[in-house]
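Quantities reported herein were computed from a predicted structural model and do not represent experimental measurements. Lettering of chains follows the sequences in order, A, B, ..., and the numbering in each one begins at 1.
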Amino acid sequence: AAQSAPVSSTTKAEIYLSQFGYLPASARNPENSGLQDKRTWVNAIQEFQSFAGLNITGELDEETMKLMSLPRCGVRDRVGTGDGRSKR
Amino acid sequence: YALQGSRWRVKNLTYKISKYPKRLKRNDVDAEIARAFAVWSEDTDLTFTRKTSGPVHIEIKFVESEHGDGDAFDGQGGTLAHAFFPVFGGDAHFDDAELWTIGSPRGTNLFQVAAHEFGHSLGLSHSDQSSALMAPFYRGFEPVFKLDEDDKAAIQSLYGRKTSQLTPTNAFPPTTHRPSYTPPKVPLDDSICKDSKIDTLFNSPTGETYAFKGDKYYKLTTDSVEDGYPKLISKGWPGLPGNIDAAFTYKNGKTYFFKGTQYWRYQGTQMDGAYPKEISEGFTGIPDHLDAAMVWGGNGKIYFFKGSKFWRFDPSKRPPVKATYPKPISNWEGVPNNLDAALRYTNGYTYFFKGDKYYRFHDARFAVDTATPAFPRPTAHWWFGCKNTPSSTVGDHQ
């Protein structure tokens, strides 16, 4: 079976953070070059680090990317923001 | 914990598995899924009934990559599964690119992931307690599963605490027209305080401790018996008789009960196949009419006790019982012959029970523990929380 790629770059981290509710859904579409302002980006990383029990550095450090690569549930960590998980 | 904001208005929910995983046997998947739902019934009045067709509350599917809900799976690793909250339908989808396994450290444990996803199907969001079942990250295979207090508080905040008599989930034929009956209430009596000799003690796969005596069973708390007990064994484990000789739960998550020449295997509270079978058939080398059985924490092997002897059973070895057995129980320094029960308790200690007393065993010293008050101690006081019973046996001339 295809292996899901580990999170090893800012782009992948951006998709991950958007997939699990830390960034707006728009960030999930690698085609558009939606710019994130720095504050939003740092906040998103800090939120994830806090939720996952990591040191809250706001940096996309190795520890953070390692945790982003762990197998997990596909439901968003932060619910109620954006499109949620809806059956159309 | 965190709640999504929606929940089911009913507590008797139905489910069906409309697409099975390609690598597991269907009835094994059925049993694991039932066990995963049962996690959420333990502390609430939620019940889950499997149907094989027609409308249900929760539909379960094992699918790969894009599967129609706009949230494609990503191959092995990464996202393992996802589920919809009640307001969005409650369904649960599992990535069938994963190597789903049962009772094994290999691959991804189906029971653990399913129990997590059904938390979402019931309205729970992710928890930031890393020990909680509802934490988002898969923690690897956990042979002894125990729902975290965080998860219990979460599910009870949506569906309340357990009040009903034990109604085993999936105990009814897969229809929604369940007989409107409640099992006969067995009046709570304190006879266990007057006569605290028990037939057997064991832990359930979810870490609960049960004492069996005659045709009744008691669910134990950390220091006494839970309200509403005793109940009838036949209601808790449909198909199981009373007066059980011995019982234990093995690391495969299954519970084995022994009586006379026969034994039964259960997955949670459901019989796990066609039982009873003969002990000689499933446990070659082990005698009938046992006194006690347990899985010893020291080596994870299964020990059987009868009269003045004990046997060690290792299912991974051929033969499972070495020719050097049986050996004398006196090897377990300070433990008496003719036991009633043996238990590796959730605190990691090994306990032996005989008559109205019990012994705590020190695994490292391989001898009965020394403590104050000394062992043996009265079972009634320390295990059943009986008031006005002595807490020590000092001066007891028996």
Side-chain angles (χ1 to χ4, degrees), chain A residues 1-9 11-31 43-56 63-88, chain B residues 2-6 22-23 59 64-65 68-85 87-99 107-109 112-117 119-121 123-131 133-140:
Chain A
Q3 293 276 346
S4 76
V7 172
S8 54
S9 68
T11 307
K12 291 203 171 95
E14 198 173 350
I15 294 170
Y16 182 100
L17 290 169
S18 153
Q19 177 176 356
F20 295 111
Y22 297 93
L23 280 174
S26 57
R28 224 168 133 187
N29 179 347
E31 275 86 59
N43 275 346
I45 292 179
Q46 287 175 332
E47 288 264 346
F48 172 71
Q49 289 169 331
S50 156
F51 188 82
L54 296 171
N55 289 333
I56 302 174
E63 198 59 27
T64 301
M65 288 211 266
K66 200 166 86 176
L67 205 89
M68 287 178 170
S69 306
L70 286 182
R72 58 160 290 158
C73 169
V75 174
R76 303 152 72 89
D77 295 338
R78 296 167 46 68
V79 170
T81 54
D83 60 6
R85 169 175 295 293
S86 63
K87 225 180 189 176
R88 281 202 180 89
Chain B
L3 306 177
Q4 176 267 336
S6 66
K22 49 184 183 284
R23 296 186 185 91
E59 181 176 4
E64 295 194 43
S65 54
D69 64 12
D71 223 339
F73 282 133
D74 53 4
Q76 214 165 83
T79 296
L80 304 173
H82 56 225
F84 294 84
F85 295 113
V87 68
F88 300 124
D91 294 352
H93 298 161
F94 296 79
D95 186 352
D96 206 21
E98 306 300 338
L99 175 61
T108 303
N109 184 263
Q112 289 167 222
V113 174
H116 172 102
E117 295 308 327
H120 292 314
S121 303
L124 304 189
S125 199
H126 281 150
S127 169
D128 62 2
Q129 294 290 308
S130 56
S131 57
L133 172 65
M134 292 314 291
F137 303 101
Y138 176 67
R139 287 195 296 261

>> Tell me if the aromatic rings of B/H120 and B/F84 count as close, with their centers under 6.0 Å from one another.
In response: no
> Measuring heavy-atom distances to chain A, does B/E117 have an atom under 4.5 Å in its side chain, in its backbone, in both, or in neither?
Replying inline: side chain
>> Using heavy-atom distances under 4.5 Å, tell me whether B/S65 contacts chain A through its side chain, its backbone, both, or neither.
In response: neither
> In terms of heavy-atom pairs under 4.5 Å, which option from B/F137, B/Y138, B/F73 contacts chain A the most?
Replying inline: B/F137
> Who among B/G68, B/G78, B/A2 has the most heavy-atom pairs with chain A under 4.5 Å?
Replying inline: B/G78
>> If I measure from the heavy atoms of chain A, does B/S130 come under 4.5 Å with its side chain, its backbone, both, or neither?
In response: neither
> Can you tell which of A/P71, A/A52, A/G53, A/S69 has the highest number of heavy-atom pairs within less than 4.5 Å of chain B?
Replying inline: A/P71
>> For chain A, which candidate among B/H126, B/H116, B/Q129, B/R139 shows the most heavy-atom pairs at distances under 4.5 Å?
In response: B/H126
> Are A/N55 and A/E63 side-chain neighbours, meaning at least one heavy-atom pair lies under 4.5 Å?
Replying inline: no
> Among B/G5, B/A135, B/A81, who wins on heavy-atom pairs under 4.5 Å with chain A?
Replying inline: B/A81
> Can you tell if the side chain of A/R78 reaches within under 4.5 Å of the side chain of A/F51, non-hydrogen atoms only?
Replying inline: no
>> If the condition is ring-ring contact (aromatic ring centres under 6.0 Å, His included), which residues does A/F20 pass it with, not counting sequence neighbours?
In response: A/Y16
> Does B/S131 have any side chain to side chain donor-acceptor pair (under 3.5 Å) partners at least two apart in sequence or in another chain, and if so, which?
Replying inline: B/D148
